[in-house]
Amino acid sequence: MSDTITGVPLLDLQAQYRPLRADILAAMERVCDSQRFIMGPEVTGLEHEMASMLGVRHAVAVSSGTDALLLALMALDIKAGDEVVTPTYSFFATAGAVARLGATPVLVDVDEATFNMDPAKLAAAITPKTRAIIPVHLFGQSAEMEEILNVASGIPVVEDAAQAIGASYKSQPVGGLGAFGCFSFFPSKNLGAFGDAGLVTTNDERLAKKARLLRTHGMEPRYYHHLVGANFRMDALQAAILRVKAPHLAGWTASRRANADRYRTLFQDAGLTDRVRMPVAAPDRHHIYNQFVIRVADRDGLKKHLDAAGIGNEIYYPVPFHLQPCFAYLGHRAGDFPNAERAAQDSLAIPIYSELTLSQQETVVNAVAAFVHRRVAV
Ligand SMILES: *Cc1c(COP(=O)(O)O)cnc(C)c1O
């Protein structure tokens with residue numbers, strides 16, 4: 001039948017890979033022929049290209065976004081007894097990295113509109129033990145960095161920019177706004193590797209040196225150890241692949257932003273915007289839409305409906321940190337952070353990837369419309 005519903009995936013990595021296949025395979029072949037698999041010239045090359053792309057002095061390639069956070073915190077000497085403030089609503093690694101070092105994650109609620117750390121709540125969470133602050137640029141939109149840096153007044157700020165490569169705040173790219181920026185090249189991020197990889201950025205020469213040292217067991221020269229670090233090294237294969245993909249990032253981001261505008265128009269035209277809330281994009285920030293997150297009253301019902309229609313969707317995130325079993329020791333309870341709890345209940349990410357077509361977006365919006373109108377009719 002001609003009106004058979006064809007699904008839309010949440011992310012289609014094949015569509016991005018297809019036109020780059022020959023270049024990527026050539027880059028992989030180059031690494032295979034060199035038989036140099038860890039660090040080396042591909043990784044150094046990527047670091048230079050990333051530093052210039054992100055407008056930072058130093059870029060340190062690492063093994064994952066999680067390790068980027070861990071390494072940044074280690075370079076700041078975060079340890080047991082220290083407090084590090086993070087939003088309660090993010091991917092687990094943001095608070096996990098703090099806890100892994102024996103420090104205490106001090107959680108704060110997010111802004112109701114942007115899902116990002118609320119600077120006023122941050123101010124109330126700072127104590128004499130606060131050693132770092134980790135704002136997250138969630139879904140690809142920068143946190144309120146000016147207010148956060150003001151409130152921090154000298155306490156190091158580590159940007160969790162894992163979802164925000166290429167985003168900017170008041171025309172300044174994220175990653176160079178605080179002491180450190182932490183990026184992830186997990187395959188579903190806007191710039192994805194073919195496995196795990198990440199990046200730490202800083203404008204501080206001393207911190208850059210320390211991060212580089214900690215990345216390889218604090219070793220310099222070989223087998224002489226100044227600090228207890230870890231293995232946070234990046235694979236040459238990942239660096240070579242990322243170097244092929246990086247020049248395309250600006251174009252991919254432009255497509256994601258165009259898709260976001262198109263959704264806003266389509267939802268508006270379908271008369272849905274009073275019942276389906278669009279993401280709030282602050283005018284002073286360049287949102288890169290790693291995710292396009294809508295908000296609806298009966299989110300779980302909509303999710304079931306989209307699942308049945310083959311429309312990719314995901315809940316980012318169903319449980320804020322303060323309600324996670326592993327953080328029960330922090331002593332929080334339901335109701336402590338109402339904005340995050342509401343977001344966990346009513347938000348849903350829909351497909352936004354660069355290669356998404358107009359007709360796929362119409363399919364998504366029609367599926368949402370069918371659900372919303374059915375509910376009204378009941
Ligand atoms: C993806 C992500 C991370 C972790 O990155 P990995 O590369 O998966 O380790 C950290 N923080 C946020 C907000 C993320 O989205």
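The first residue in the sequence is number 1, and the count goes up from there. Both ligands and their constituent atoms are indexed starting at 1 by order of listing.
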To which protein heavy atom is [atom] closest, and what is the distance rounded to 0.1 Å?
atom: atom 14 (C) of ligand 1; result: Lys189 NZ, 3.1 Å
atom: atom 15 (O) of ligand 1; result: Gln163 NE2, 2.8 Å
atom: atom 7 (O) of ligand 1; result: Ser184 OG, 2.6 Å
atom: atom 11 (N) of ligand 1; result: Asp160 OD2, 2.8 Å

Which part of Thr66 is near ligand 1, with near meaning a heavy atom under 4.0 Å away: side chain, backbone, both or neither?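 For Thr66, backbone and side-chain atoms both sit under 4.0 Å from ligand 1.
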Is Asp67 close to ligand 1, meaning an N/O of one under 3.5 Å from an N/O of the other?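 Asp67 vs ligand 1: no N/O contact under 3.5 Å.
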Polar atom proximity, Ala93 to ligand 1 (N or O, under 3.5 Å):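 For ligand 1, there is no N or O atom that lies under 3.5 Å from one belonging to Ala93.
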Among the heavy atoms of Ser90, does any lie under 4.0 Å from an atom of ligand 1? yes
Are any non-hydrogen side-chain atoms of Leu213 and His226 less than 4.5 angstrom apart?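 Yes, their side chains come closer than 4.5 Å.
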Out of all atoms in ligand 1, which are within 4.0 Å of some heavy atom of Gly65? Include the element for each.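 Counting atoms of ligand 1 from 1, those under 4.0 Å from Gly65 are 4 (C), 5 (O), 6 (P), 7 (O), 9 (O).
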Looking at Asp77 and Lys210, is there a salt bridge between them, counting it only when a charged N and a carboxylate O are closer than 4.0 Å?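 Salt bridge present between Lys210 and Asp77.
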So which atom in Met145 and which in Pro135 form the shortest heavy-atom distance, rounded to 0.1 Å?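 Scanning both residues, the minimum pair turns out to be SD-CG, 3.9 Å.
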Looking only at non-hydrogen atoms, find the nearest pair between Phe180 and Ala211 and report the distance.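 For Phe180 versus Ala211, the nearest heavy atoms are CE2-CB, 4.3 Å.
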Per the side chain to side chain donor-acceptor pair (under 3.5 Å) rule, which among Tyr89, Tyr316, Tyr317 passes with Ser347?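 Running side chain to side chain donor-acceptor pair (under 3.5 Å) over Tyr89, Tyr316, Tyr317 with Ser347 returns exactly one hit, Tyr89.
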Out of Phe186, Tyr317, Phe92, whose heavy atom is nearest to atom 8 (O) of ligand 1? Phe186
Will you find, in the side chains of Asn313 and Asp307, an N or O donor that is under 3.5 Å from an N or O acceptor? yes
What class does the angle between the rings of Tyr263 and Phe267 fall in, given that below 30° is parallel, 30 to 60° is tilted and above 60° is perpendicular?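 Rings of Tyr263 and Phe267: tilted, as their planes differ by 30° to 60°.
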